[in-house]
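Scroll down for the structure; my scribbles are underneath it.
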Amino acid sequence: MAAGFGVRLRRYWVAGILVLAPTAVTLWVVWSLFRFFDSILGGELRSRGISVFGLGFVLLNVLLLVLGFVATNIAGRRLFGLWDRLMHRVPLINKIYATLRQIAELLLGSARTGPFGRVAIVEFPSPGTWGIGFVTSNVPGEAGQKTGRRLCSLFIPSAVNPTTGFLLVVPEEKVTYLDMTAEQAMKMIVSAGALVPPARPG
């Protein structure tokens, strides 16, 4: 009897964890992101005696909308084009800027130029096993010239922590492109494969 009661208690405890943990972690992540983005402008506002909770977050989103509106106009595109070229010419800063720009376009950009940003799989780390990643370049370089083959650069993020990963340079014929979006792939990677997007009907 006591053993059965203990088993039921354990089952209830596990069920409670399964209900509470996803909700608690989600709320914590959302709250942390809210505080981070609110502090970008909120800290400056508070230093000037304006202490309204969430005002920094609201103003940051308004600023992003205004910048987006300006950047989509003809004059704005020219202006930001000049800024982009300037940032690419500043030593050291250009490396950081170019990398962050490509990552942002990879995750948020709606348009794709050729295979750039597409989700793909390649046999990794050994034949018969597959790694999922993003095509970052198919521009011929020294590696392609020296090997005499058409190569692709793929970034394969680490599961759970996608800020690290592996850069692979592989023959293009060994790359298999997938139909899933970058967002779906990131969800799959961050969840360690638990969230698998459904296959599109072909």
### Query
Going by the side chain to side chain donor-acceptor pair (under 3.5 Å) test, which pairs reach into residues 45-62, not counting sequence neighbours?
Glu44-Arg48

### Task
Kindly give the heavy-atom pair with the smallest separation between Leu168 and Val122, and that separation in Å.
CD1-CG1, 3.9 Å

#### Entry: Donor-acceptor contact below 3.5 Å, side chain Asn94 vs main chain Arg89
no

### Task
Step through the shown structure and confirm whether more than 12 heavy atoms of other residues, nucleotides or ligands are within 6.0 Å of CH2 on Trp83.
no

### Query
Below 4.5 Å, heavy atoms only, C-beta onward: do Ile189 and Phe134 meet side chain to side chain?
yes

### Query
Rounded to the nearest 0.5 Å, what separation is found between the OG1 atom of Thr23 and the CG atom of Leu18?
11.0 Å

### With sequence neighbours excluded, residues passing side chain to side chain contact (heavy atoms under 4.5 Å, CB included) with Arg35
Trp31

### Query
Which heavy atom of Leu154 sits nearest a heavy atom of Thr136, and at what distance?
N-OG1, 4.2 Å

### Query
Where is the tightest heavy-atom contact between Gly165 and Phe155, given as atom of each residue plus distance?
CA-CE1, 3.9 Å

#### Entry: Contacts of Ser39 that satisfy side-chain hydrogen bond (donor to acceptor under 3.5 Å, both in side chains) - sequence neighbours left out
none

### Query
At their closest point, which heavy atom of Thr147 faces which heavy atom of Leu151, and how far apart are they?
OG1-CD1, 3.8 Å

### Summary
Between Pro157 and Gly133 the two heavy atoms that sit nearest each other are CD-CA, 4.1 Å

### Message
Quick check: do Met188 and Pro197 have side-chain heavy atoms less than 4.5 Å from each other?
### Response
yes

### Task
Kindly give the cluster partners of Tyr12, where membership spreads through any ILVMFWY side chain lying under 4.5 Å from a current member.
none

### From CG (Leu45) to CD1 (Ile40), nearest 0.5 Å
12.0 Å

### Min side-chain heavy-atom separation Ile132-Met180 under 4.5 Å
yes

### Query
Side chain of Ser137, backbone of Ser153: donor and acceptor closer than 3.5 Å?
no

### Query
What is the ring orientation for His88 with Tyr97, classed by angle as parallel under 30°, tilted 30 to 60°, or perpendicular over 60°?
perpendicular

### Query
How far apart are the closest heavy atoms of Ala159 and Ala192, and which atoms are they?
CB-CA, 4.3 Å

### Gln145: partners by side-chain hydrogen bond (donor to acceptor under 3.5 Å, both in side chains), with sequence neighbours left out
none

### Those residues that, when tested against Arg149, pass side-chain hydrogen bond (donor to acceptor under 3.5 Å, both in side chains) (two or more places apart)
Glu173

### Query
Any side-chain heavy-atom pair from Phe57 and Leu60 closer than 4.5 angstrom?
no

### Query
Counting only heavy atoms not in Phe166, do more than 12 fall under 6.0 Å of its CZ?
no

### Query
Can you tell me how far CG of Leu55 sits from CG of Asp38, rounded to the nearest 0.5 angstrom?
8.0 Å

### Query
Hey, does Thr129 have a side-chain heavy atom less than 4.5 Å from the side chain of Phe124?
no

